[in-house]
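For reference, the structure is listed below as structure tokens.
What you see below is based on every heavy atom in this structure, not just the backbone, and it leaves out hydrogens, waters and symmetry mates.
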Amino acid sequence: MYFFIFLLFILNFGTVSNANELILVCKMNYGISGENDETDIEFKNLSIIDEDLVVFLNIEKKWLSVESERDFQESGGKISKSNFLETDSNIFSMSYLENNGTLVRKNIIELNRYTGFIKHEFRTNIETIYRTGTCKISKNKKLF
């Protein structure tokens with residue numbers, strides 16, 4: 001009997017190691033693509049929402065990413081460098097992947113833990129996209 005309850009728990013809520021992972025659904029503004037000459041003011045004032053961004057947060061494991069830690073590990077876990085910084089009000093995450101000196105992708109995420117305001121910068125060797133928005137914790141911890 002206890003085995004079946006434990007099995008049901010694992011199937012419904014994932015592995016025990018990911019129990020502290022929060023799924024955040026963020027309503028994002030239109031992104032600005034271009035060079036690094038954009039300023040915070042230029043992209044903070046946009047107000048039209050175009051799509052949601054799903055962000056995964058696990059403070060204990062120092063994980064803030066657009067990819068869940070489990071998916072990242074299952075795909076081979078390729079990152080050249082990553083940083084995680086937590087202050088009283090903000091959580092900052094930076095990760096990038098390079099291949100033979102060429103930037104494949106870089107994600108910089110800054111999340112205000114009290115208001116849910118998020119800044120996301122996604123960069124490849126071709127383009128840079130800046131977006132801002134507001135996040136809320138997903139109620140059911142499932143995307144589908």
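- Between Thr115 and Thr134, every side-chain heavy-atom pair lies at or beyond the 4.5 Å cut-off.
- Enclosure of atom CD1 in Ile137 is not indicated, since only 12 or fewer non-hydrogen atoms of other residues, nucleotides or ligands lie within 6.0 angstrom.
- Minimum interatomic distance between Lys106 and Ile108 (heavy atoms only, all atoms of both residues): CE-CD1, 3.7 Å.
- Sorted by first and then second residue, the disulfide bond (SG atoms under 2.5 Å apart) pairs with a member in residues 79-139 read Cys26-Cys135; sequence neighbours excluded.
- For the pair Leu111/Val55, no side-chain contact is recorded, criterion being any heavy-atom separation below 4.5 Å from C-beta on.
- Residues passing the salt bridge (charged side-chain N to carboxylate O under 4.0 Å, His left out) test with Glu67: none are found, sequence neighbours excluded.
- Under the side-chain hydrogen bond (donor to acceptor under 3.5 Å, both in side chains) criterion, Glu60 pairs with Asn20, not counting sequence neighbours.
- Note that the CG atom of Leu22 and the CG atom of Asn58 stand 7.5 Å from one another [nearest 0.5 Å].
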>> As a quick check of understanding, evaluate side chain to side chain contact (heavy atoms under 4.5 Å, CB included) for Arg113 and Thr87, giving each step before the final call.
In response: CA-CA 9 Å; Arg113 58 174 33 178; Thr87 66; over 6 Å; no
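- Salt bridge Glu121/Lys119: absent, no basic N to carboxylate O contact under 4.0 Å.
- Here the NZ atom belonging to Lys27 is positioned 11.5 Å from the CG atom belonging to Asn29, to the nearest 0.5 angstrom.
- A 4.5 Å side-chain heavy-atom check between Asn107 and His120 finds at least one atom pair inside the cut-off.
- When the side chains of ILVMFWY residues are joined at heavy-atom separations under 4.5 Å, either directly or via intervening members, Leu85 and Leu24 end up in two distinct hydrophobic clusters.
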> Going through the distances and angles, do Ile109 and Val66 end up as a side chain to side chain contact (heavy atoms under 4.5 Å, CB included)?
Replying inline: CA-CA 9 Å; Ile109 301 171; Val66 294; 4.1 Å; yes
> Checking side chain to side chain contact (heavy atoms under 4.5 Å, CB included) for the pair Met28/Leu53: CA distance, chi angles, key distance, verdict?
Replying inline: CA-CA 7 Å; Met28 301 300 287; Leu53 174 69; 3.5 Å; yes
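- Within the structure, the disulfide bond (SG atoms under 2.5 Å apart) test picks out no pair touching residues 83-116 (sequence neighbours left out).
- Legend: residues meeting side chain to side chain contact (heavy atoms under 4.5 Å, CB included) with Ser68, ordered by chain and number and at least two apart, are Glu21, Phe56, Arg70, Asp71.
- A search for ring-ring contact (aromatic ring centres under 6.0 Å, His included) contacts involving Phe84 returns nothing, not counting sequence neighbours.
- Under the rule for a side chain to side chain contact (heavy atoms under 4.5 Å, CB included), the partners of Thr124 that lie at least two apart in sequence or sit in another chain are Phe122, Ile126, Glu127.
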Give the table of side-chain donor-acceptor pairs shorter than 3.5 Å for residues 88-105, with sequence neighbours excluded, one pair per line with atom names and distance.
unit_1 : atom_1 : unit_2 : atom_2 : d
Ser93  : OG     : Leu64  : O      : 2.8

